[in-house]
2 protein chains.
Amino acid sequence: MVINNEEKKILSNYLAKRGLRDTAQRETILEAFLQAEGHLSAEELYDIVKSQDRSIGQATVYRTLKLFTEAGLAREVHLSDNSVRYEHLYNHEHHDHLICTVCNRVVEVKEPAIEILQSALAERHGFNLHDHRLYLYGICKDCRESQDSPNR
Amino acid sequence: MVINNEEKKILSNYLAKRGLRDTAQRETILEAFLQAEGHLSAEELYDIVKSQDRSIGQATVYRTLKLFTEAGLAREVHLSDNSVRYEHLYNHEHHDHLICTVCNRVVEVKEPAIEILQSALAERHGFNLHDHRLYLYGICKDCRESQDSPNR
DNA sequence: CTCGTTGTTGATAACCATTATCGGTAAGTT
DNA sequence: AACTTACCGATAATGGTTATCAACAACGAG
């Protein structure tokens, strides 16, 4: 499987630039991360990785996710229950998160108009913005409907 | 000191409604919380409370902060380092957070136009919004200037 | 190829904020 | 006064994350 070549190159470049090494574990973890659907926790990724290479330790997964974040391949998403998840970052445009507080589904949404207002707002307060997180909490249509129905 | 009568009434009402009790500890913690500047952690509040009543335990402060949140008097703020802080909610209009990643200063800002766009966005995806958090990360003017200066 | 340096790894201990447990206490009710 | 039940403080437990450390592997110099 030669998918995700781009991401592998990015990682290799980042490692080379920092004088770090390109190891089998890091590649295994990267592949597992890229093939998984977005928004997984370190532990969930560890479970996937373990199923492919039982010898990889949990600490390595934590370390490597941090590495991906520094390399610009992943981003931490902080949920409101104080848990942390990681999502793909490369080749994914910036987006905000719509989170259903009943089923915990996460929908990625985009609203350029909001971005523009944010920049202007920050500017007015003398801030140089370099990042932002917008989390919208609500109840999705499915959950609303199953809540309304009598059998629950 | 008979300040913050409003908040005390809100708490009393909430407790009565739920069949809970209005205790000295809860009043002490509420006063400490209200007199402190916004955005403190449970442990910071515990330190303040302890200085007024050494007998109050840490668990009680945690429990009571949860209570304030349920009663609509406080709100949890999740910082990007995964720490949790509490801010006053009653009589404070909704606001977003501009956070300096150098000095950790938090500025409360407001932008009604953003709120409107958020509602529309959620609606388009079938969500019933009940809450949202917007965190803008950047570097404030002060930190930018002291970074630029040679003595650092 | 060998040695030495240094980044990497897995196992595990440590950490730390938060939560659960529990025995005792106090408030409110009958 | 007796009873019920919420509440309290102390402390143990929890659980996600990080630090430690000895063994290991990659790489460069000689």
Side-chain angles (χ1 to χ4, degrees), chain A residues 11-33 39-71 74-86 104, chain B residues 11-33 39-71 74-86 104:
Chain A
L11 180 61
S12 295
N13 282 344
Y14 178 78
L15 293 172
K17 199 176 62 186
R18 294 267 313 258
L20 305 176
R21 290 173 189 162
D22 211 334
T23 66
Q25 287 92 334
R26 285 172 179 166
E27 292 220 355
T28 301
I29 296 171
L30 179 60
E31 277 187 21
F33 175 65
H39 303 112
L40 21 70
S41 66
E43 202 152 356
E44 283 165 359
L45 181 58
Y46 174 55
D47 286 340
I48 298 173
V49 166
K50 235 186 345 189
S51 71
Q52 297 183 346
D53 182 347
R54 182 149 303 272
S55 73
I56 292 182
Q58 193 168 14
T60 303
V61 174
Y62 275 94
R63 282 189 286 239
T64 307
L65 274 172
K66 282 242 151 71
L67 199 65
F68 292 169
T69 303
E70 291 163 20
R75 173 202 285 266
E76 295 183 352
V77 177
H78 294 254
L79 265 20
S80 67
D81 62 349
N82 221 26
S83 66
V84 179
R85 297 181 162 272
Y86 289 84
N104 281 317
Chain B
L11 180 61
S12 295
N13 282 344
Y14 179 78
L15 293 172
K17 198 176 61 187
R18 294 267 313 257
L20 306 177
R21 291 172 188 163
D22 210 333
T23 65
Q25 287 93 334
R26 285 172 178 167
E27 292 220 354
T28 301
I29 296 172
L30 178 60
E31 277 187 20
F33 175 64
H39 304 110
L40 22 69
S41 65
E43 201 153 356
E44 283 165 359
L45 181 58
Y46 174 55
D47 286 340
I48 297 172
V49 166
K50 234 185 348 189
S51 71
Q52 297 183 346
D53 183 347
R54 182 150 303 272
S55 74
I56 292 182
Q58 193 166 14
T60 302
V61 174
Y62 274 94
R63 283 188 285 239
T64 307
L65 274 172
K66 282 242 151 73
L67 200 64
F68 292 170
T69 303
E70 291 163 18
R75 173 202 284 266
E76 295 183 352
V77 177
H78 294 253
L79 264 20
S80 67
D81 62 349
N82 222 25
S83 65
V84 179
R85 297 181 162 272
Y86 290 84
N104 281 318

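Everything numeric in this text was worked out from a predicted model, so none of it was measured. Quick note: numbers below take in every heavy atom, side chains included, and nothing from hydrogens, waters or symmetry partners.
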**Complete:** Out of dT17(D), dA26(C), dT8(C), minimum distance to the side chain of A42(A) belongs to dT17(D)
**Request:** Find the distance between CG (L30(A)) and CZ (F68(A)) and round it off to the nearest 0.5 Å.
**Result:** 4.5 Å
**Message:** Nearest 0.5 angstrom please: R85(A) CZ to L40(A) CG, how far?
**Reply:** 7.5 Å
**Item:** Residue whose nearest DNA chain D nucleotide is more 5′ - R54(B) or K66(A)
**Value:** R54(B)
**Message:** Tell me the interatomic distance from R26(A), atom CZ, to dT9(C), atom C1', rounded to whole angstroms.
**Reply:** 9 Å
**Request:** Select one nucleotide: of dT5(D), dT18(D), dT18(C), the one nearest the side-chain heavy atoms of R21(B).
**Result:** dT5(D)
**Request:** Measure the spacing between NE2 of H39(B) and OH of Y86(B) and express it to the nearest 0.5 Å.
**Result:** 13.0 Å
**Selected nucleotide, minimal atom distance to T60(A) side chain, candidates dT9(C), dA27(C), dA19(D)** = dT9(C)
**Request:** Between dT18(D), dA26(D), dT19(C), spot the one nearest the side chain of Y62(B), thanks.
**Result:** dT19(C)
**Message:** Looking only at the side chain of Q58(A) (C-beta and beyond, no hydrogens), which of the listed nucleotides dA20(C), dT17(D), dC8(D) gets closest?
**Reply:** dT17(D)
**Request:** Could you state the atom-to-atom distance from CG of L65(A) to C1' of dG16(D) in whole Å?
**Result:** 13 Å
**Whole-Å gap separating P (dC7(D)) and CG (L15(B))** = 7 Å
**Request:** Applying side chain to side chain contact (heavy atoms under 4.5 Å, CB included), run through E70(B) and R18(B) and close with a yes or a no.
**Result:** CA-CA 11 Å; E70(B) 291 163 18; R18(B) 294 267 313 257; 3.5 Å; yes
**Prompt:** Roughly, in whole Å, what's the span from CG in D53(B) to C1' in dA10(D)?
**Reply:** 15 Å
**Message:** With a 4.0 Å limit, can you tell me whether Q25(B) has a side-chain N or O closer than that to the phosphate oxygens OP1/OP2 of dG9(D)?
**Reply:** yes
**Request:** Would you kindly give the CD1-to-P distance between I56(B) and dT25(C), to the nearest whole Å?
**Result:** 18 Å
**Message:** Between T23(A) and dG7(C), is there a contact of a side-chain N or O with OP1 or OP2 at under 4.0 Å?
**Reply:** no
**Asked** L45(A) has an atom CG; how far is it from atom P of dG16(D), in whole Å?
**Response** 15 Å
**Request:** Please state how far atom CG in L20(A) lies from atom P in dT9(C), giving the value in whole angstrom units.
**Result:** 10 Å
**Request:** Quick one: pull up OG1 in T60(A) and CG in L67(A) and give me the separation to the nearest 0.5 Å.
**Result:** 11.5 Å
**Item:** Rounded distance (Å) that lies between atom C1' of dC7(D) and atom CG of D22(B)
**Value:** 12 Å
**Request:** For S55(B), report the nucleic acid contact type (base, sugar-phosphate, nothing); a contact means any heavy atom under 4.0 Å.
**Result:** sugar-phosphate
**Prompt:** Where the side chain of A59(B) is concerned, which of dA20(C), dC8(D), dG7(C) is the nearest nucleotide?
**Reply:** dA20(C)
**Fill in**
Of the listed dA11(C), dA17(C), dC8(D), the closest approach to the R63(B) side chain comes from dC8(D)
